Each structure stands twice: as structure tokens, then as C-alpha cells.
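Throughout, numbering of the chain's residues begins at 1 and tracks the sequence. Every value quoted in this text rests on a predicted model; they were computed, and no experiment measured them.
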Amino acid sequence: MDVKTTDKYTIISTDARIDHLTAPDLDDTLRQLIDSDHCRIIFDMSQIDFVSSAGWWVLIKAQKACKQSERGEILLVGLQEPIRESMNLIGIAPLFHQYDQLCEAEAVW
């Protein structure tokens with residue numbers, strides 16, 4: 001997992017699937033960022049081709065923590081069509097702003 005922090009936001013990217021094996025690492029990374037007051041998070045998902053329910057729960061939990069603190073949110077970038085379909089199917093698409101390009105998400109902040 002690659003994490004880059006600027007003075008305005010943090011970008012997370014990975015080329016791994018997000019499943020029961022990798023979700024705990026993502027959870028740790030997001031928890032550390034949020035605990036360090038880094039709640040403006042851009043998650044570049046362009047290289048991810050699968051997210052399991054464990055991965056979605058990690059993202060939902062982190063999104064709620066960011067929004068409840070009113071310090072930011074998690075923006076998703078570069079979702080492949082199967083990932084978008086998965087989000088729509090389980091009804092979580094409205095929880096996240098989604099962008100096609102990284103520069104679009106960066107412009108939010």
C-alpha cells in the first residue's frame with residue numbers, strides 16, 4: 001500500500017485485491033491516518049479489481065469516522081466497472097464521492 005500525504009490531503013493506492021487478507025492492512029492504514037487528523041483521503045482504486053465485503057466494511061467505517069469528525073471524507077478514484085456495480089448492488093455508492101481521474105479528486109481540496 002502506497003500512502004502520500006500533502007498539506008491538504010492524503011492519497012492511498014494499492015494494486016492488491018481488497019479481501020479478508022488485505023482488508024486489515026487497509027483498516028490499519030486508514031485508522032492511523034484518521035487518528036493523526038488526516039481525514040481528507042483520496043483512495044486511488046484504479047488498480048483494484050475486487051473488493052470483498054470485508055473491504056467495503058473497512059471503507060464504510062473509515063468514511064463514517066471522517067464525516068462524523070467533520071474533518072473530511074474519503075474520495076474514491078478510478079473505480080473499474082465491476083467495483084462500481086458492486087457498490088451499486090450493495091447500496092453504498094451514495095456514501096462516497098467517486099471520480100474518474102486523480103486530478104478531479106485533488107481539486108476538491
Side-chain angles (χ1 to χ4, degrees):
M1 188 158 317
D2 187 34
V3 179
K4 297 178 200 166
T5 301
T6 72
D7 59 335
K8 293 184 179 182
Y9 51 82
T10 299
I11 300 172
I12 299 174
S13 61
T14 183
D15 59 0
R17 296 166 47 105
I18 302 176
D19 55 22
H20 70 285
L21 296 174
T22 58
D25 288 338
L26 178 60
D27 188 41
D28 289 343
T29 299
L30 290 169
R31 192 174 335 110
Q32 288 174 11
L33 287 169
I34 294 166
D35 288 348
S36 300
D37 202 29
H38 294 278
C39 289
R40 293 179 173 183
I41 300 169
I42 299 171
F43 189 15
D44 181 355
M45 298 181 69
S46 59
Q47 300 300 312
I48 298 171
D49 62 3
F50 177 80
V51 181
S52 73
S53 59
W56 288 129
W57 279 115
V58 166
L59 288 170
I60 292 166
K61 181 176 70 171
Q63 182 73 307
K64 286 183 178 183
C66 287
K67 286 187 173 185
Q68 285 175 348
S69 71
E70 298 181 0
R71 295 178 291 164
E73 66 179 299
I74 298 173
L75 308 177
L76 305 181
V77 174
L79 288 91
Q80 296 180 26
E81 193 56 33
I83 303 296
R84 286 185 194 271
E85 289 173 7
S86 172
M87 291 180 72
N88 289 327
L89 181 65
I90 60 177
I92 64 167
L95 298 177
F96 297 93
H97 287 100
Q98 302 168 40
Y99 300 90
D100 293 327
Q101 302 293 322
L102 186 59
C103 61
E104 295 170 322
E106 291 174 316
V108 171
W109 295 303

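Between Thr6 and Glu106 the shortest side-chain heavy-atom distance does not fall below 4.5 Å. Taking 4.5 Å as the limit, every side-chain heavy atom of Phe96 sits out of range of all side-chain heavy atoms of Leu79.
Residues passing the side-chain contact (heavy atoms from CB on, under 4.5 Å) test with Arg17 are Asp19, Asp49, Phe50, sequence neighbours excluded. Taking Ser53 as the reference, nothing meets the side chain to side chain donor-acceptor pair (under 3.5 Å) condition, with sequence neighbours excluded. Qualifying salt bridge (Lys or Arg N to Asp or Glu O under 4.0 Å) partners for Lys4, counting only residues two or more places apart in sequence or in other chains: Asp2. Applying the salt bridge (Lys or Arg N to Asp or Glu O under 4.0 Å) rule to Asp100 yields the partners Arg84; only residues at least two apart in sequence or on another chain are considered. For Ser46, the side chain to side chain donor-acceptor pair (under 3.5 Å) test picks out Asp44, with sequence neighbours left out. Shown here are the side-chain contact (heavy atoms from CB on, under 4.5 Å) partners of Asp7, two or more places apart in sequence or in another chain: there are none. Partners of Thr10 by side chain to side chain donor-acceptor pair (under 3.5 Å), not counting sequence neighbours, listed by chain and number: Thr5.
Considering every non-hydrogen atom in both Phe43 and Ile48, the closest pair reads CZ-CD1, 3.7 Å. Nearest heavy atom pair, residue Ser52 against residue His20, reads OG-N, 3.8 Å. Between Gln63 and Leu95, the shortest heavy-atom contact is NE2-O, 2.9 Å.
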Using residues 30-37 as the side-chain source, report each donor-acceptor pair under 3.5 Å to any protein atom, sequence neighbours left out, with the distance given to one decimal.
unit_1: Arg31; atom_1: NH2; unit_2: Asp27; atom_2: OD2; d: 2.7
unit_1: Arg31; atom_1: NH2; unit_2: Asp28; atom_2: OD1; d: 3.4
unit_1: Ser36; atom_1: OG; unit_2: Gln32; atom_2: O; d: 2.9
unit_1: Asp37; atom_1: OD1; unit_2: Arg71; atom_2: NE; d: 3.3
unit_1: Asp37; atom_1: OD1; unit_2: Arg71; atom_2: NH1; d: 2.4

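Note that NZ of Lys8 and NE2 of His38 are 15.5 Å apart. Values are rounded to the nearest 0.5 Å. Going from atom CE of Met87 over to atom CG of Leu76 covers 5.0 Å, rounded to the nearest 0.5 Å. Taking CD of Gln80 as the reference point, atom CD of Gln47 lies at 7.5 Å (rounded to 0.5 Å).
Hydrophobic cluster of Leu21: no remaining members, since no ILVMFWY side chain lies below 4.5 Å from it. When hydrophobic side chains of Ile, Leu, Val, Met, Phe, Trp and Tyr are connected at separations under 4.5 Å, Ile11 ends up clustered with Tyr9, Ile42, Leu75, Val77, Tyr99, Leu102, Val108, Trp109.
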Output, in order, the C-alpha distance, side-chain angles, deciding distance and verdict of side chain to side chain contact (heavy atoms under 4.5 Å, CB included) for Leu59 and Leu26. CA-CA 8 Å; Leu59 288 170; Leu26 178 60; 4.2 Å; yes
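Atom NZ of Lys64 has 12 or fewer neighbouring heavy atoms from other residues, nucleotides or ligands inside a 6.0 Å radius. Other residues, nucleotides and ligands contribute over 12 non-hydrogen atoms within 6.0 Å of the CD atom of Glu81.
Sorted by first and then second residue, the salt bridge (charged side-chain N to carboxylate O under 4.0 Å, His left out) pairs involving residues 86-95 (not counting sequence neighbours) form an empty list. For residues 85-97, the pairs satisfying side chain to side chain donor-acceptor pair (under 3.5 Å) are Trp56-Ser86, Glu73-His97, with sequence neighbours left out.
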